[in-house]
**Q** 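The following block contains the structure, expressed as structure tokens.
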Amino acid sequence: MKALTTLLLTTYTGLEIFSQNIERPNFVWYMTEDLSKHYLKLYNEDGNGAPSPNLEKMAKEGIIFDNAFSNAPVSSAARSTLFTSCYGTRLGISLHRKSRLVDLPEDINMFPTYLRRAGYHTSNASKTDYNCQTDNEAWDIINGKIGDWRKRKDKNQPFFHVRTNAVTHEGHLHFTLDDFKNKKTETDPNSVSIHPIHPDTPLFRYTYATFYDCIMESDRELGKLINMLKEDGELDNTFIFYFGDNGGSLPGTKGYTNELGLNVPLVVYVPEKWRKLLPVKIGEHTKGFVSFVDLGPTIMHLAGIDIPQNIDGTPVLGKDISKKDMESKNTAYCYGDRYDEAYAINRTYRKGNIKYSRNFLPHHPKSLYVGYRYKQAAFREWSDMYNAGKLNKIQERFFLPQGSEELYDLSIDPFETNNLINNPKYSDVLKEMRNELKNKLTKDLDLGFIPECVWIEKGYKDPVKYAQSRKDDIKRYSDLIDLQIKPIAQTKDEIKKALHSEDDVTRYWAATVCASYGEKADIFRKDLEKLLSDNHPFVSSRALAALNNFSKQDNVTVIKKLLKQAKSGPESLSILNDAAYIKWKTGNNINISMSDIVKPATSIEWRIDYLTGKSQL
């Protein structure tokens with residue numbers, strides 16, 4: 001390909017077009033689904049992990065990022081973040097699966113739009129899976145095939161091509177027990193290295209080996225893509241980015257805001273003619289942090305395109321970025337909101353090797369049932385072993401209440417097994433991380449402070465504008481939720497007042513704080529019982545969840561009543577999420593049916609199967 005390319009540059013109005021001779025590289029993204037770095041031999045000094053010869057060869061001609069983060073641990077939320085270059089929690093695009101597509105603010109475009117305006121051909125092969133309306137300007141080819149750069153009419157036109165490889169998707173681990181017994185894997189199950197959070201059983205070893213096989217298969221397609229670029233004479237002018245679209249796929253990884261769910265591999269192949277732009281040597285690992293919000297700005301910067309001021313990411317590669325600049329970037333902010341039928345509402349902040357997590361539903365175990373996750377036989381075995389008392393302390397933590405806060409030193413505890421919240425040596429660090437995360441959430445006007453069933457109906461046309469209209473409320477909700485991390489003796493007056501607030505979301509979070517206190521919240525019994533007749537069912541269901549921590553309730557009757565009153569699908573999901581907690585807490589089935597659902601929503605059938613005992617758990 002000619003290095004000197006004639007481009008058509010279009011202004012934002014689309015009315016003014018002119019030519020300019022500018023040298024531009026091509027860009028190819030190769031995304032492997034549900035893959036954290038921990039499963040690749042490339043990232044393990046001890047040689048554990050799947051071999052990936054094409055990736056390893058590519059890495060020798062590029063840069064290996066050790067600290068790359070998908071911002072969200074599940075595909076649609078991570079992918080929406082990736083292509084908008086904005087944190088999903090402030091745009092309302094962090095919920096998987098979306099109850100409805102939200103609109104992007106008028107001043108924000110998906111970043112491929114800026115590439116197209118600068119004359120690039122853009123093609124996507126083929127997954128989109130966004131939680132917002134697709135930017136109509138972003139793609140020349142949106143549901144295409146690998147190698148669709150070949151369809152551009154002018155072969156001198158630079159291109160941006162995205163290939164998503166689904167071979168590593170967690171769905172490929174939904175094998176049957178007959179497969180486990182009779183189907184051999186290419187990888188020897190005895191050769192895999194089991195994470196400390198998992199039990200070392202034949203089924204888990206087989207699951208790891210199956211995943212290694214998937215990784216190796218996806219690597220073979222990477223080799224095919226590289227050969228296609230060679231055949232076209234494009235490899236010498238093309239940056240190739242290899243990364244996971246989120247972490248995973250083993251139990252307790254995808255969908256969870258631990259490092260296994262967030263810390264993805266990122267390897268960037270850099271053609272020789274463009275290596276002068278790099279601050280590090282080819283083939284080196286870099287400790288500098290990069291998040292999905294940064295990848296779009298990095299592409300634009302390398303292409304010589306001005307970066308919009310209203311996005312959250314910043315470039316990590318380019319001629320004016322030094323090694324010091326790259327490696328001084330040492331923070332990452334990540335989030336988990338809803339995965340199918342289950343709400344999580346976790347926020348994490350990592351600074352170097354210290355990681356702080358804030359869980360807004362601390363009474364929940366991370367293991368709270370999600371139908372799609374538990375299709376994995378290993379997931380079900382893990383749960384069965386917990387119920388049978390066959391797990392050690394590290395392995396069973398997944399099935400216990402997660403608590404309000406977590407703090408880890410990843411330099412000595414990479415799998416987040418030892419929560420340092422109560423360690424006096426880390427008290428100053430805890431306060432610092434807690435304050436920095438809180439300041440970010442309130443500054444960004446994080447929509448996680450407002451239940452989906454409240455903001456989605458009125459705010460989906462412009463979530464940012466809606467959040468701005470509730471700026472003061474968001475700060476109040478944040479302060480109220482923070483009562484979870486204080487002794488109840490210090491907070492009981494504030495909680496009681498909040499339980500009787502005229503604001504529905506205040507009452508909701510007050511009931512949530514009560515749920516987090518467990519049996520200690522019995523002092524609010526009468527206040528919570530009053531909320532069972534609240535005008536807003538999502539408030540009543542949270543009160544019911546809190547009451548189940550210290551008193552016996554007629555759960556089926558109340559839940560059926562609330563489901564009949566629900567005003568939207570997300571409100572039905574919120575009620576059923578509380579019902580799932582109540583079943584986990586009491587051990588009793590909750591016999592409801594689809595006929596009780598007035599406002600349906602995504603994956604409700606899975607939730608009902610769990611509540612009624614029809615699922616395998």
Side-chain angles (χ1 to χ4, degrees), residues 342-345 359-365 368 401-404 448-454 473 476-567 570-590 592 596 611:
Y343 288 93
I345 319 189
N359 307 313
F360 293 154
L361 302 178
H363 52 297
H364 284 192
L368 195 69
Q402 60 189 328
S404 300
F449 290 117
I450 303 176
E452 180 186 15
C453 60
V454 174
D473 291 334
R476 285 193 303 104
Y477 300 151
S478 174
D479 292 341
L480 174 58
I481 297 166
D482 282 348
L483 298 182
Q484 293 172 339
I485 60 180
K486 298 178 182 179
I488 195 169
Q490 296 178 13
T491 64
K492 58 183 180 180
D493 291 341
E494 289 180 76
I495 295 172
K496 191 173 186 68
K497 180 180 178 181
L499 288 169
H500 293 273
S501 170
E502 293 184 0
D503 176 57
D504 55 338
V505 178
T506 297
R507 297 193 301 277
Y508 165 84
W509 282 120
T512 304
V513 174
C514 290
S516 74
Y517 279 130
E519 293 181 359
K520 295 177 181 178
D522 193 8
I523 61 175
F524 303 114
R525 183 191 295 247
K526 291 183 178 179
D527 307 287
L528 291 166
E529 288 175 344
K530 183 178 179 181
L531 288 184
L532 295 181
S533 300
D534 196 275
N535 291 331
H536 298 275
F538 75 94
V539 176
S540 296
S541 69
R542 188 55 49 85
L544 182 67
L547 285 163
N548 268 271
N549 288 328
F550 50 78
S551 67
K552 189 174 181 179
Q553 300 291 316
D554 184 2
N555 292 312
V556 175
T557 299
V558 175
I559 290 168
K560 283 188 173 186
K561 180 192 76 170
L562 298 179
L563 287 171
K564 294 297 184 185
Q565 296 172 347
K567 303 174 186 66
E571 188 161 32
S572 297
L573 285 178
S574 185
I575 296 165
L576 292 173
N577 206 58
D578 288 323
Y581 167 76
I582 291 168
K583 174 175 176 174
W584 171 82
K585 182 69 179 179
T586 64
N588 299 324
N589 288 339
I590 297 175
I592 59 175
D596 294 311
L611 293 172

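These numbers come from the heavy atoms of this one structure, side chains and all, not from hydrogens, waters or symmetry mates.
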**Q** Decide if atom NZ of K561 counts as having more than 12 heavy atoms of other residues, nucleotides or ligands within a radius under 6.0 Å.
**A**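 Result for NZ/K561: enclosed.
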**Q** Return yes if some donor-acceptor pair links the side-chain N/O of S540 with the main-chain N/O of L531 below 3.5 Å, else return no.
**A** yes
**Q** Are Q553 and L532 packed together at the side-chain level, in the sense that at least one heavy-atom pair is separated by less than 4.5 angstrom?
**A** yes
**Q** Could you tell me which non-hydrogen atom of G403 sits nearest to which non-hydrogen atom of N359, and how far apart they are?
**A**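 Looking at all heavy atoms of both residues, the closest pair is O-ND2, 3.0 Å.
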**Q** What pair of heavy atoms forms the shortest contact from L547 to R525, and how long is it?
**A** CD2-O, 4.0 Å
**Q** Work out which heavy atom in V558 is nearest to a heavy atom in L544; give both atom names and the distance.
**A**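 Closest approach of V558 to L544: CG1-CD2, 3.8 Å.
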**Q** Might you point out which heavy atoms bring F524 and I488 nearest each other, and give the distance in Å?
**A** CE1-CD1, 3.9 Å
**Q** Among N588, N589, D578, find the one that has a side chain to side chain donor-acceptor pair (under 3.5 Å) with K583.
**A** N589
**Q** If you count the non-hydrogen atoms of other residues, nucleotides and ligands that lie under 6.0 Å from NZ in K497, is the total more than 12?
**A**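 No.
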**Q** OG of S541 to CG of L573: how many Å apart, nearest 0.5 Å?
**A** 11.0 Å
**Q** Taking 4.0 angstrom as the limit, do R476 and D473 come out as a salt bridge?
**A** yes
**Q** Side-chain contact test, heavy atoms from C-beta onward, threshold under 4.5 Å: evaluate it for F550 versus I523 and give yes or no.
**A**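 Of all side-chain heavy-atom pairs linking I523 with F550, none is under 4.5 Å.
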**Q** So do H536 and K567 actually touch side chain to side chain, heavy atoms under 4.5 Å?
**A** yes
**Q** Of all residues at least two apart in sequence or in a different chain, which pass the side-chain contact (heavy atoms from CB on, under 4.5 Å) check with P570?
**A** S99, Y343, E452, C453, I456, S568
**Q** Taking atom types as modelled, is there a side-chain donor on N555 or N548 under 3.5 Å from an acceptor on the other?
**A** yes
**Q** Any side-chain to backbone donor/acceptor pair from D534 onto K530? Under 3.5 Å, distance only.
**A** no
**Q** Got a donor-acceptor contact below 3.5 angstrom from the Q484 side chain to the F360 backbone?
**A**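 Present.
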**Q** Grab the two heavy atoms, one from C514 and one from L499, that are nearest each other, plus how far apart they are.
**A**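 Taking every non-hydrogen atom into account, SG-CD1, 4.0 Å.
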**Q** State, without any angle test, whether Y508 and S574 hold a side-chain donor-acceptor pair at a distance under 3.5 Å.
**A** no
**Q** Which heavy-atom pair separates Y477 from F449 by the least distance, and what is that distance?
**A** CD1-O, 3.6 Å
**Q** Regarding R507 and D504, does a basic nitrogen lie under 4.0 Å from an acidic carboxylate oxygen?
**A**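 Looking at D504 together with R507, the answer is no, because their closest N to O distance does not fall below 4.0 Å.
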**Q** Side chain of S516, backbone of V513: donor and acceptor closer than 3.5 Å?
**A** yes
